[in-house]
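Chain letters run A, B, ... following the sequence lines, proteins first and then strands; every chain starts at 1.
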Amino acid sequence: MRFTKAFIPTLKESPADAEVVSHRLMIRAGMIRKLASGIYDLLPLGLKAIRRVETIVREEMDRADAQEVLLPVVLPAGLWKESGRWELYGKELLRLKDRGDREFCLGPTHEEAITDMVRREVRSYRDLPLNLYQIQIKFRDEMRPRFGLMRAREFIMKDAYSFHATDECAEREYENMRQTYTRIFHRCGLEFTCVEAETGTIGGSFSHEFMVLADTGESSIVVCQACGYSANTERAEIAPPRTPPAPAEKGEPPGEVHTPGKKGVDEVAAFLGVSPEQLIKTLIFTTEQGPVAACVRGTEEVNPEKLKRAAGVETVELADDRTIEEATGGAAGFSGPVGLLKVPVIADYSVMDMKDAVTGANKRDYHLVGVTPGVDFNPTYMDIRVAKGGDPCPRCSTAMILKRGIEVGHIFKLGVKYSESMGALFIDESGRERPIIMGCYGIGIGRTVAASIEQNHDEAGIIWPAPLAPYHVHLLPVNMNDEKTRKKADSLYETLRMEGYSVLYDDRDIGAGIKFKDADLLGMPLRLTVSGRTLKEDSVEIRKRRSGSQELVHLDEVVAFLERFLRGVEERPSMNP
RNA sequence: CGGGGCGUGGCGCAGUCUGGUAGCGCACCUGCUUUGGGAGCAGGGGGUCGGAGGUUCGAAUCCUCUCGCCCCGACCA
């Protein structure tokens with residue numbers, strides 16, 4: 001592509017509202033423009049990068065025997081009511097009505113749509129297994145879109161759904177997809193890791209996330225460097241203390257202290273002159289089976305998903321003030337585990353070895369001091385806190401370290417959540433009718449591009465890994481007014497195109513400085529500079545964007561050089577993006 | 001949804017407190033010079049100051065409402 005014909009509006013300054021580097025660079029490089037909050041135009045360069053990821057995803061999904069389909073963006077409400085998610089999904093589901101007042105939504109994900117398609121055709125175990133995928137625009141009305149394509153409301157996603165007659169088969173496919181994803185992100189040139197994750201609103205029995213490691217990532221994960229255990233902090237389990245504490249001695253009974261209006265952990269700690277570590281935080285949750293009290297050390301957070309499992313309930317939600325008063329007999333903000341008889345008390349391992357702690361007194365404006373678990377109250381000990389750096393690994397008790405990541409892929413073993421509610425059934429070998437066992441597997445395409453930039457850039461701009469680069473080569477004649485330079489550049493452009501390389505040819509008649517700055521910003525893996533200086537040697541200067549190393553290469557050797565370079569950096573060269 | 005902030009040529013901003021001719025840098029157009037890291041000189045075009053209403057002789061500036069956007073927070077692929 002000749003730059004003079006291209007639509008690549010680069011910016012010297014970055015817009016004030018771009019917070020993270022990938023967002024900034026994508027705007028400055030003329031890849032995207034914002035149309036509304038979380039909604040972006042994809043300009044030619046941005047689309048090319050997206051397409052390169054899509055191509056890799058297609059090739060690998062096809063290789064894994066998945067088949068591509070394309071489901072509608074606008075989905076009838078009926079399907080979502082069948083699965084129960086019309087009510088459950090909440091405000092992220094953008095609902096709309098047609099002229100006949102019929103309800104629809106914009107698909108934020110497509111379990112319902114695909115399950116409907118499959119249930120109408122699949123009758124027998126002989127029709128299974130199936131893995132169907134699409135690369136489609138999704139819409140989620142995010143409460144807070146940000147960071148450009150990283151967290152947009154409208155975004156492109158590859159989503160795949162698999163259907164199986166048996167659990168073993170579904171789990172084989174899960175593993176197949178795990179390997180496929182590993183290949184995909186590897187081919188994209190990303191540094192990533194696969195971690196255990198929560199299933200969230202998608203549901204299902206277990207899941208893994210693929211995280212691109214980056215400091216700007218919105219997800220935190222913990223990693224055990226000793227045994228390799230890694231998980232999203234929303235999910236990560238924490239080992240109990242290695243040695244149970246010796247039974248505490250019966251000391252003074254807890255004493256009440258007056259703490260007028262002091263509610264939060266920090267307020268109370270500051271007021272009493274103790275560290276937040278000395279506090280036991282007690283939160284009252286409501287569940288479908290009534291309220292429960294959850295205790296964690298003052299410096300920890302309760303993980304609601306863990307609490308659900310610990311309490312054996314389906315839903316947990318922070319209780320309102322009235323419920324708290326009924327359950328504890330005291331005011332909200334002054335709850336504590338001592339003397340709580342009406343509700344079950346679940347305490348995190350982090351309170352196990354505390355002594356002389358501070359807790360709420362279940363009485364407005366009062367706290368208890370000198371509270372010792374095991375003496376003054378006897379909770380059930382479970383792992384219910386949110387993991388953080390330093391917590392012991394659930395497998396080997398080594399201290400785990402905290403990292404940040406960008407979630408680019410997520411795979412789920414769904415089980416029968418959708419097939420059961422929507423009646424996607426098949427007849428098994430013994431003639432019994434059973435729900436199809438499902439899995440689902442997503443990749444954020446735009447987010448993968450953003451993550452790549454987040455991981456590959458410098459002060460001057462983007463540094464594309466060759467497999468994602470919109471063009472292989474940035475051809476840069478220093479002076480288009482110089483007859484010889486222009487002619488050689490023209491013919492080199494034609495030659496390289498004939499050889500199958502994609503070339504961005506900066507044929508603009510402007511200062512060389514601008515061209516160099518743009519070349520750095522746009523970040524193609526190789527820059528070929530043509531000038532009177534290089535032509536004296538019948539050569540061009542080839543500069544590698546990533547290393548900055550450059551050398552003079554004879555005109556006759558250029559093609560061979562490119563071939564060597566791209567074969568070296570691309571795992572599987574695909575020369576026509 | 002709660003808290004904070006911002007809307008002034010395409011982009012980045014000043015001007016608003018204290019009402020009185022709408023400015024700066026970059027970008028853009030024309031000409032000449034320049035051509036290895038965002039060039040120089042000369043000339044030029046472009047703004048309902050987010051929108052509506054109000055106060056005033058007079059509003060970018062003060063008041064009210066409204067729309068949009070950003071940041072922080074609240075169980076998000």
Side-chain angles (χ1 to χ4, degrees), chain A residues 9-20 23 27-28 30 33-39 89-92 107-111 138-153 155-159 197-203 207-211 218-219 232-235 283 285 301-308 315-318 386 406-412 440-448 451 460-461 476-482 485-486 508-521 527 529-535 540-541 543 550:
Chain A
T10 59
L11 261 35
K12 191 151 82 176
E13 292 174 283
S14 53
D17 58 8
E19 194 74 1
V20 296
H23 186 195
I27 289 173
R28 286 192 53 209
R33 288 290 185 264
K34 183 170 65 192
L35 182 58
S37 180
I39 300 180
Y89 212 93
K91 288 193 162 180
E92 282 195 12
T109 173
H110 282 74
E111 284 81 9
K138 307 274 190 223
F139 194 96
R140 292 182 191 172
D141 201 355
E142 287 279 347
M143 50 185 163
R144 187 134 109 80
R146 58 187 137 172
F147 304 157
L149 293 196
M150 208 110 106
R151 184 164 211 79
R153 290 194 291 174
F155 58 101
I156 300 173
M157 179 167 168
K158 187 284 305 181
D159 49 323
E198 275 303 338
T199 54
T201 44
I202 305 285
S207 82
H208 282 85
E209 287 169 336
F210 285 78
M211 297 283 191
E218 289 188 274
S219 312
N232 193 309
T233 50
E234 293 171 352
R235 166 79 198 184
L283 299 175
F285 288 84
E301 297 297 326
V302 172
N303 183 329
E305 288 299 325
K306 287 185 177 179
L307 182 63
K308 262 192 223 174
T315 61
V316 297
E317 209 169 315
L318 271 175
V386 177
I406 301 163
E407 179 191 351
V408 290
H410 201 158
I411 60 177
F412 301 79
C440 99
Y441 320 94
I443 290 179
I445 302 287
R447 189 180 274 188
T448 300
L476 194 157
V478 165
N479 182 358
M480 286 302 280
N481 272 331
D482 179 62
T485 302
R486 186 170 50 75
R508 293 176 297 176
D509 179 20
I510 52 171
I514 297 174
K515 294 188 176 193
F516 286 126
K517 291 290 184 190
D518 270 348
D520 289 344
L521 174 62
R527 183 185 81 194
T529 307
V530 184
S531 70
R533 204 192 283 174
T534 67
L535 289 177
V540 300
E541 175 192 280
R543 180 185 172 91
Q550 54 189 48

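A 6.0 Å sphere centred on CD of A/Q550 holds more than 12 heavy atoms belonging to other residues, nucleotides or ligands. Taking a 6.0 Å sphere around CD of A/E301, one finds it holds 12 or fewer heavy atoms contributed by other residues, nucleotides or ligands.
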**Request:** Could you go through the side chain to side chain contact (heavy atoms under 4.5 Å, CB included) check for A/K34 and A/D17 one step at a time?
**Result:** CA-CA 11 Å; A/K34 183 170 65 192; A/D17 58 8; 2.9 Å; yes
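For a distance-only test at 3.5 Å, the side chain of A/R151 qualifies as a donor-acceptor partner of the base of B/C76. For A/E234 and B/C76, a side-chain-to-base donor-acceptor distance below 3.5 Å is present, hydrogens and geometry of angles not being considered. Taking only distance into account, the side chain of A/T529 never meets the base of B/G36 through a donor-acceptor pair shorter than 3.5 Å.
Atom CZ in A/F412 sits roughly 11 Å away from atom C1' in B/C76 (whole-Å rounding). Rounded to an integer number of Å, the gap from A/M150 CE to B/C76 P is 18 Å. Between A/R486 atom CZ and B/G36 atom P there is a gap of 17 Å when expressed in whole angstrom units. Rounded to an integer number of Å, the gap from A/M143 CE to B/G3 P is 17 Å. Here B/C70 presents its C1' atom at 12 Å from CD1 of A/I27, a figure rounded to the nearest Å. The separation between A/F516 atom CZ and B/A39 atom C1' is 14 Å, rounded to whole Å. Rounded to whole Å, the distance from CZ on A/F139 to P on B/C76 is 17 Å. As a whole-Å value, the separation of A/R140 CZ from B/C75 P is 18 Å.
Comparing the P positions of B/A27 and B/C41 gives an interatomic distance of 12 Å, to the nearest angstrom. With P as the reference atom, B/A52 and B/G12 are 23 Å apart, rounded to whole Å. As rounded to the nearest Å, B/C65 and B/G2 have P atoms that lie 15 Å from one another. Of the C1' atoms belonging to B/A14 and B/C29, the separation is 26 Å, rounded to the nearest Å. The gap from the C1' atom of B/G20 to that of B/A39 amounts to 41 Å, rounded to the nearest Å. Across B/C28 and B/C63, the matching C1' atoms stand 39 Å from one another, rounded to whole Å. Atom C1' of B/G31 sits at a distance of 31 Å from the matching atom of B/U21, rounded to the whole Å.
Proximity of a side-chain donor or acceptor of A/R140 to a complementary backbone N or O of A/P108 within less than 3.5 Å is detected. In terms of modelled atom types and a separation under 3.5 Å, the side chain of A/R28 and the main chain of A/T10 share no donor-acceptor contact.
Judged by closest nucleotide on RNA chain B, A/Q550 is the one of A/Q550 and A/K308 placed further toward the 5' end. Looking at which nucleotide of RNA chain B each of A/R146 and A/A152 is closest to, the 5′-most match is held by A/R146.
Distances shown here put a side-chain N or O of A/R144 below 4.0 Å from the OP1 or OP2 atom of B/C71. OP1 and OP2 of B/C76 both lie 4.0 Å or more from every side-chain N or O belonging to A/S219. A close approach under 4.0 Å does not occur between any side-chain nitrogen or oxygen of A/K306 and OP1 or OP2 of B/C75.
Base pairing annotation: B/G68 forms a Watson-Crick or G-U wobble pair with B/C6, both donor-acceptor distances under 3.5 Å. Summarising the base pairing, B/C57 is matched to B/G20 through a Watson-Crick or G-U wobble pair whose two defining distances lie under 3.5 Å. Using the Watson-Crick or G-U wobble rule with both distances under 3.5 Å, B/G43 pairs with B/C29. Across every strand in view, B/G38 sits unpaired, with no contact that passes the Watson-Crick or G-U test at under 3.5 angstrom.
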Using nucleotides 27-35 of chain B, report all nitrogen or oxygen pairs with the protein that are shorter than 3.5 Å.
{"residue": "B/U35", "atom": "O2'", "partner": "A/N479", "partner atom": "ND2", "Å": "3.1"}
{"residue": "B/U35", "atom": "O2", "partner": "A/I510", "partner atom": "O", "Å": "3.4"}
{"residue": "B/U35", "atom": "O4", "partner": "A/N481", "partner atom": "ND2", "Å": "2.1"}

Taking only nitrogen or oxygen atoms into account, show me every contact under 3.5 Å that the protein makes with nucleotides 4-12 of chain B, one pair per line with its distance.
{"residue": "B/G12", "atom": "OP1", "partner": "A/A16", "partner atom": "N", "Å": "3.2"}

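Closest contact between the side chain of A/E19 and the listed nucleotides B/C71, B/G36, B/C75 involves B/C71. In this structure, the nucleotide among B/G36, B/C75, B/C72 sitting nearest to the side chain of A/P304 is B/C75. If you check B/G36, B/G38, B/G73 against the side chain of A/E541, the one that comes closest is B/G36. Here the side chain of A/R527 is nearest to one of B/C76, B/G73, B/G36, namely B/G36. Checking B/A74, B/C75, B/G38 against the side-chain heavy atoms of A/E305 singles out B/C75 as nearest.
Under the 3.5 Å distance criterion, with hydrogens and angles disregarded, a donor-acceptor pair is assigned to the side chains of A/E111 and A/T109.
Considering all non-hydrogen atoms of both residues, A/V530 and A/T485 come closest at O-CG2, 3.5 Å. Scanning both residues, A/E142 and A/A152, for their nearest heavy atoms gives CG-O, 4.0 Å. Considering all non-hydrogen atoms of both residues, A/D141 and A/R153 come closest at OD1-NH1, 3.0 Å. Shortest non-hydrogen contact noted between A/T529 and A/V478 is CG2-CG2, 3.6 Å. Residues A/K158 and A/Y441 share a closest heavy-atom pair of NZ-O, 3.2 Å. Across all non-hydrogen atoms, the minimal contact from A/R146 to A/R144 is NH1-NH2, 2.9 Å.
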